[in-house]
Undergrad: 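Sharing a structure here in structure tokens format.
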Number of protein chains: 2
Amino acid sequence: MSPIKKVNKVTACAHPLAHQKAADTLKQNAPKEEELYDLADLFKAFADSSRIKILWALSASEFCVCDLADALGMTQSAVSHQLRLLKQSRLIKSRREGQSIIYSLADEHVKKVFSLGLEHVREI
Amino acid sequence: MSPIKKVNKVTACAHPLAHQKAADTLKQNAPKEEELYDLADLFKAFADSSRIKILWALSASEFCVCDLADALGMTQSAVSHQLRLLKQSRLIKSRREGQSIIYSLADEHVKKVFSLGLEHVREI
DNA sequence: CAAATATATGAATATATGTTCATATATTAT
DNA sequence: ATAATATATGAACATATATTCATATATTTG
């Protein structure tokens, strides 16, 4: 199923589709429905200040859970819950080291998104 | 106030901060608290599939509200509400053209974030 | 000016989500 | 094996947010 509906108009405005060509092109080049949801999910991972802080910390160095909690002023539980979400989003990875679990960024992509966003925020 | 708390440990783990140097560096290079919230807000704008669809459409062409609603299979009201959020986030701009309001991307930054995200999603 | 069309918006509702609390699991030290 | 430490997780709660419905505002047309 395409994320973009048939161009046949059924709902709102009465005027002919003002940008018919664009709408058609849109329909053809449509990313798959699933990709759009994945994309939204990716950005959801960045869409919370606690997770932003965690990602920012991990972009500087790997950390164990309790050090993250200490450094960021969060409870161990809250950090752990957020780390789980970030891991599910494939943005971070972890390894065990004795009693601790060390978390780090999964790849450089995170840094790219992060710095691009920061650049945008700073330039407004 | 720094987003990163004093390194003096008060809460969780008993071991000395495993990555003391990193934590200190972290503390010094800390983006401002406000920047982190702005950053989270920026990504919040991308963190919903309806808005993703709208942004994706606008990255192809400008559109009026009802054409967006038709093309994306959303109600006029839902689209309008989301457009307001996107405009508040400075991601899109609008101009009046007769009875219609034409929306378009505010700048190229949106496309960058969008394509970077899509690239990431596709490469996993 | 009145009717039609396009868009915006407040209120209500349903759902999603972040944090806390209590507790479970896993590893290390004694 | 037992205690101590580090991390994970389920349940509950509070808050945020996406959509719908009804309606208001703005522009054009007759």
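All of these numbers come straight from a predicted model, not from anything done at the bench. Hydrogens, waters and symmetry mates are skipped; everything else that's a heavy atom, side chains included, is used. Per chain, numbering begins at 1; letters A, B, ... match sequence-line order.
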Undergrad: Could you check which of C:dT19, C:dT7, D:dT19 has an atom nearest any side-chain atom of A:Gln82?
TA: C:dT19

Undergrad: Output yes when at least one side-chain N/O atom of B:Arg96 is less than 4.0 Å from OP1 or OP2 of D:dA26, else no.
TA: no

Undergrad: Take atom CD1 of B:Ile102 and atom C1' of C:dA8, then tell me their distance rounded to the nearest Å.
TA: 16 Å

Undergrad: Nearest whole Å is fine: how far is D:dA8 C1' from A:Met74 CE?
TA: 14 Å

Undergrad: In this structure, how many angstroms lie between the P atom of D:dT20 and the CZ atom of B:Arg84, rounded?
TA: 16 Å

Undergrad: If you round to the nearest 0.5 Å, how far is CD1 of A:Ile101 from CG of A:Leu83?
TA: 10.5 Å

Undergrad: Starting at the 5' end of DNA chain C, which residue's closest nucleotide do you reach first, A:Ser50 or A:Gly98?
TA: A:Ser50

Undergrad: Taking the minimum atom-to-atom distance to the side chain of A:Val65, which one of C:dT7, D:dT9, D:dT7 wins?
TA: D:dT7

Undergrad: Report the nucleotide, chosen from C:dA6, C:dT28, D:dT9, that has the shortest atom-to-atom distance to any side-chain atom of B:Gln99.
TA: C:dA6

Undergrad: Could you check how far CG of B:Leu86 sits from C1' of D:dA18, rounded to whole Å?
TA: 13 Å

Undergrad: Which word best sums up how the rings of A:Phe46 and B:Phe43 line up, parallel for under 30°, tilted for 30 to 60°, or perpendicular for over 60°?
TA: tilted

Undergrad: What integer distance in Å separates A:Asp48:CG from D:dT17:P?
TA: 10 Å

Undergrad: Grab the two heavy atoms, one from A:Leu55 and one from A:Ala45, that are nearest each other, plus how far apart they are.
TA: CD1-O, 4.4 Å

Undergrad: So, B:His81 and D:dT19: ring centres less than 5.5 Å apart, planes less than 30° off, yes or no?
TA: no

Undergrad: A:Asp67 has an atom CG; how far is it from atom C1' of D:dT5, in whole Å?
TA: 13 Å

Undergrad: Do A:Lys44 and A:Leu85 come close enough that some side-chain heavy atom pair is under 4.5 Å?
TA: no

Undergrad: Taking for each residue the nucleotide of DNA chain C bearing the nearest heavy atom, is the 5' side occupied by B:Leu83 or by A:Lys44?
TA: B:Leu83

Undergrad: Is the base of C:dA8 touched by the side chain of B:Gln76 through a donor-acceptor pair closer than 3.5 angstrom?
TA: yes

Undergrad: Rounded to whole angstrom units, what separation is found between the CD1 atom of B:Ile101 and the P atom of D:dA24?
TA: 20 Å

Undergrad: Between C:dT5 and B:Ser100, is there an OP1 or OP2 to side-chain N/O distance shorter than 4.0 Å?
TA: no

Undergrad: Quick one: B:Leu68 CG to C:dA8 C1', roughly how many Å, whole number?
TA: 15 Å

Undergrad: When you measure from the side chain of B:Leu85, which nucleotide among D:dT7, D:dT19, D:dA18 comes out closest?
TA: D:dA18

Undergrad: Starting at the 5' end of DNA chain D, which residue's closest nucleotide do you reach first, B:Ser77 or A:Ser80?
TA: A:Ser80

Undergrad: Strictly below 4.0 Å: does B:Tyr103 bring a side-chain N or O up to OP1 or OP2 of C:dA6?
TA: no

Undergrad: Measuring to OP1 and OP2 of D:dA18, would you say a side-chain N or O of B:Arg51 lies under 4.0 angstrom away?
TA: yes

Undergrad: Report the residue from B:Val79, B:Val65, B:Ile54 that forms a side-chain contact (heavy atoms from CB on, under 4.5 Å) with B:Tyr103.
TA: B:Val65

Undergrad: Do A:Glu33 and B:Lys53 meet the salt-bridge criterion of a basic N to acidic O distance under 4.0 Å?
TA: yes

